[in-house]
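Comments concern the structure below.
Lettering follows sequence order; numbering is per chain, from 1.
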Amino acid sequence: MNNIVRYALQGIAYTVFCLIIFYLSTAPAYNYLQPDQAEIKLAFKHASQRLYACKKLTRAELKKLPPNMRKPKDCPRERAIVQVIINLDGKKIADEKFVPPGLHQDATVFAYSKLPLPIGDHVLSVEMRDSGREEGHDYAKQEHISITPGQAVVIGFDSVNQELTFTY
Amino acid sequence: MEKIRNASNFAVLAIEQWFNRVFGNNLNPFYHLGSLSFYFFWIILVSGIYVFILFETNVAGAYNSVEYMTNEQWWLAGIMRSLHRYASDAVIITIFLHLWREFSRDRYRGVRWFSWFTGVPTLWMVVMLGISGYWLVWDMLAQYIAIATSELIDWIPMIPGAMVFNFLDGQVSDRFFTLMAFLHLLGLPVILVFLLWTHVSRISQIDFYPPRALAIGTLVALVILSLLKPAVSHGPAQLTQSPTVLHLDWFYLNIYPLVDILGPGMAWAISSGVTILLMILPWLPSRGEKPRAEVNLEHCNGCGQCAKDCPYGAITMQKRTDGRKYEFEPRMEDSLCTACGICTGSCVSSSPFRMGKETLKTGIEMPWYGANDLREKTKDGLAALTEKSKIIVYGCENSLGVDKLKDKGTAAVVMPCIGMLPPSLLDYALKNGADGVFITGCREGDCFQRFGNRWTNARITGEREPHMLKRTPKEKVVVFWGAKSELKELNETLKDYRNGLNEGAES
């Protein structure tokens, strides 16, 4: 093989190497959302209500306890599961349950979930339960929204005002 | 596993053969994948330092500063940014080829498990460093990566809190962004340097730099690529928006679509599964190692050549302990020795002319195969030949199967690595009836035991001790380096050599 051919083939080898980088550094394109889609992000931190009320201990019950652990009330730590139901234009699109973390299921829930959302005008309504109830809701919010491609609608919870929020 | 490895090796050898023809053995990029990776890290470092000078490490300024580099100062900062990105992509290619090659060559098991094992977290660290770099541009791609990474981290049950909440309320804190910048600029690189040092700590005489021609060639190629396709950003990050079309760098960001499609749990399962599989590969199954080399102090003059030649740093020199007049003695580190025998080849006491009819003992050799075995096999092999022209072939067990060459006129002596061949044995063979000596081993630049063929070449040409004896007729010593796939060429060369010897004898 003469030198000219060798140098030409070396050039081809370098070109192939660069072509691999050229292509895979940006392609194929990845569609995170379709062009006619937006996204709902359910995201909030919330400490749900305790499942059981505190109980005042009787004198006999207190006596059974070691002296250093005697306190007038016994307050079970377990908190309720947080349930969020999302309706779009009257149709349920999500029913998410978040179990409080921790050994005693007593820590703050970090709720996070994503849903695709078609663009256009919609009625978005969200109901949330945090007391362990089976029916109805503890919090609710409904709003007319107008959604553009790629928009992110964040469903949050305002812990100060104790209400659901929509940010978009 | 062996079948997979053999098939894979067949493919690697075929590709490398093509590159040998085009680039030559010395410049074959497949023989310099490790040093090319280091070289790309240097390009990344230098281009990164320049980019950092112009980069603003805060949320508000990061995107605009990168845009300035790309659009305003495209002629330097833009090229540097592109080089930074494309050299990072190139390093992934060389690392994967390196991984594939070492697996195919079966150089990842036994004593060599450590380099393989430590290479896996090193690869992960490179990927993490790349991902953190994309984060700093703070465009829509960075936002996507930040959120998807948070989803991955938040999935881990033992980690409290939710990282993703940093990216939902419209503005990322500068504190968080500075943390990411710190990780990319200092934290992860420091860990990577430590991992790289660990990765190469069990081999000696490491080539940190590729040959100059290869270094220039790859740099020019990357600069041209940077000019033809400058690295650009997506639109600026907007936390009230989600990305639609993303132009991912698939070398680094391939895990994120997995997170979207299968969820963070499955993405963790797949990546952890692949990582664990790679890490335990040296034991699937493990290789039964042969007994290591041993030092025979009564035959050692402490010259230190074995320590200089050992490809794995398994031999160090220490103060003499046996009271003899020599200053040093070799000390073996068994856990580093691959039983290649190169130390025997480098030992002056391996001369077959020593100790007459007694069993030849050498200063350092494997208890199961030493210089005496080479001498006896040479003597017996030559004695059994009946043809007029007698040739003895010395070969290694990792390249061409020289045992197949045995016939009435050809004797063959196989050893773990051709570097085990004491140069004085060539003279011994010629003095004991051989008309010619034929030396074979792995392809030039690609020795299974790293330096066997390089040292042998240097010993024959007299560039390295112990060199071939001056009285040995050079024209009677022929060298052929090749892989299993070149057996046909070996046979032809050997045939030509024999014909030449026959013609010489007749004339």
(message) Just verifying a value: how many Å separate B/D260 CG and A/L33 CG, rounded to the nearest 0.5 Å?
(response) 9.0 Å
(request) Would you check if there is a donor-acceptor pair between the side chains of A/T26 and B/K229 at a distance under 3.5 Å? (result) yes
(request) Find the distance between CG (A/L9) and CH2 (B/W18) and round it off to the nearest 0.5 Å. (result) 5.0 Å
(request) Could you check if a side-chain atom of B/I224 sits within less than 4.5 angstrom of a side-chain atom of A/Y14, using non-hydrogen atoms only? (result) no
(message) Does any backbone or side-chain atom of A/P149 lie under 4.5 Å from a heavy atom of chain B? Answer side chain, backbone, both or neither.
(response) backbone
(message) Taking B/V22's backbone N and O only, do any of them form a donor-acceptor pair with A/Q10's side chain (distance below 3.5 Å, no angle check)?
(response) yes
(request) Step through the shown structure and confirm whether more than 12 heavy atoms of other residues, nucleotides or ligands are within 6.0 Å of CH2 on B/W74. (result) no
(message) Counting C-beta onward and ignoring hydrogens, is there a side-chain heavy-atom pair between B/V164 and A/F110 closer than 4.5 Å?
(response) no
(request) Mind listing the closest non-hydrogen atom pair of A/A111 and B/F165 along with its distance? (result) O-CZ, 3.4 Å
(message) Can you tell me which portion of A/Y30 sits under 4.5 Å from chain B's heavy atoms? Options are side chain, backbone, both or neither.
(response) both
(message) Quick check for you: among A/A8, A/P28, A/A43, which has the greatest number of heavy-atom pairs under 4.5 Å with chain B?
(response) A/P28
(message) Does any backbone or side-chain atom of B/L225 lie under 4.5 Å from a heavy atom of chain A? Answer side chain, backbone, both or neither.
(response) side chain
(message) Could you tell me if the side chain of A/V154 sits less than 4.5 Å from the side chain of B/L239, heavy atoms only?
(response) no
(request) Output the option from B/I92, B/L248, B/N254, B/I261 having the highest count of non-hydrogen pairs under 4.5 Å with chain A. (result) B/L248
(request) Give the ring-plane orientation class for B/F40 versus A/F17, where under 30° counts as parallel, over 60° as perpendicular and anything between as tilted. (result) parallel
(request) Could you pull out the closest heavy-atom pair between B/S242 and A/A152, with the gap in Å? (result) OG-CB, 3.7 Å
(message) Less than 4.5 Å to any heavy atom of chain A: does that hold for the side chain of B/S88, its backbone, both, or neither?
(response) neither
(request) Look at atom CG of B/N71 and say whether more than 12 heavy atoms of other residues, nucleotides or ligands are closer to it than 6.0 Å. (result) yes
(message) Does any backbone or side-chain atom of A/K114 lie under 4.5 Å from a heavy atom of chain B? Answer side chain, backbone, both or neither.
(response) side chain
(request) Please flag which part of A/I20 lies under 4.5 Å from any non-hydrogen atom of chain B: side chain, backbone, both or neither. (result) both
(request) Could you look at A/S25 and say if it's the side chain, the backbone, both or neither that has a heavy atom under 4.5 Å from chain B? (result) both
(message) Is B/Y252 close to chain A through its backbone or its side chain, or both, or neither, when contacts mean heavy atoms under 4.5 Å?
(response) neither
(message) Would you say CG of B/L228 has more than 12 non-hydrogen atoms from neighbouring residues, nucleotides or ligands within 6.0 angstrom?
(response) yes
(message) Between B/A213 and chain A, with a heavy-atom cut-off of 4.5 Å, which part of the residue counts as in contact: side chain, backbone, both or neither?
(response) backbone
(request) Give the member of B/R21, B/R85, B/E151, B/Q238 that has the highest number of heavy-atom pairs under 4.5 Å with chain A. (result) B/E151
(request) With a 4.5 angstrom heavy-atom cut-off, could you sort out which part of A/A27 is near chain B: side chain, backbone, both or neither? (result) backbone
(request) Give the member of B/D89, B/D249, B/T244 that has the highest number of heavy-atom pairs under 4.5 Å with chain A. (result) B/T244
(request) Tell me, yes or no, whether the heavy-atom count around B/F176 atom CZ, taken from other residues, nucleotides or ligands under 6.0 Å, exceeds 12. (result) yes
(request) Write down the atom of A/Y32, the atom of B/Y144, and the distance for their closest heavy-atom approach. (result) CD1-CE1, 3.4 Å
(request) With a 4.5 angstrom heavy-atom cut-off, could you sort out which part of B/L214 is near chain A: side chain, backbone, both or neither? (result) both
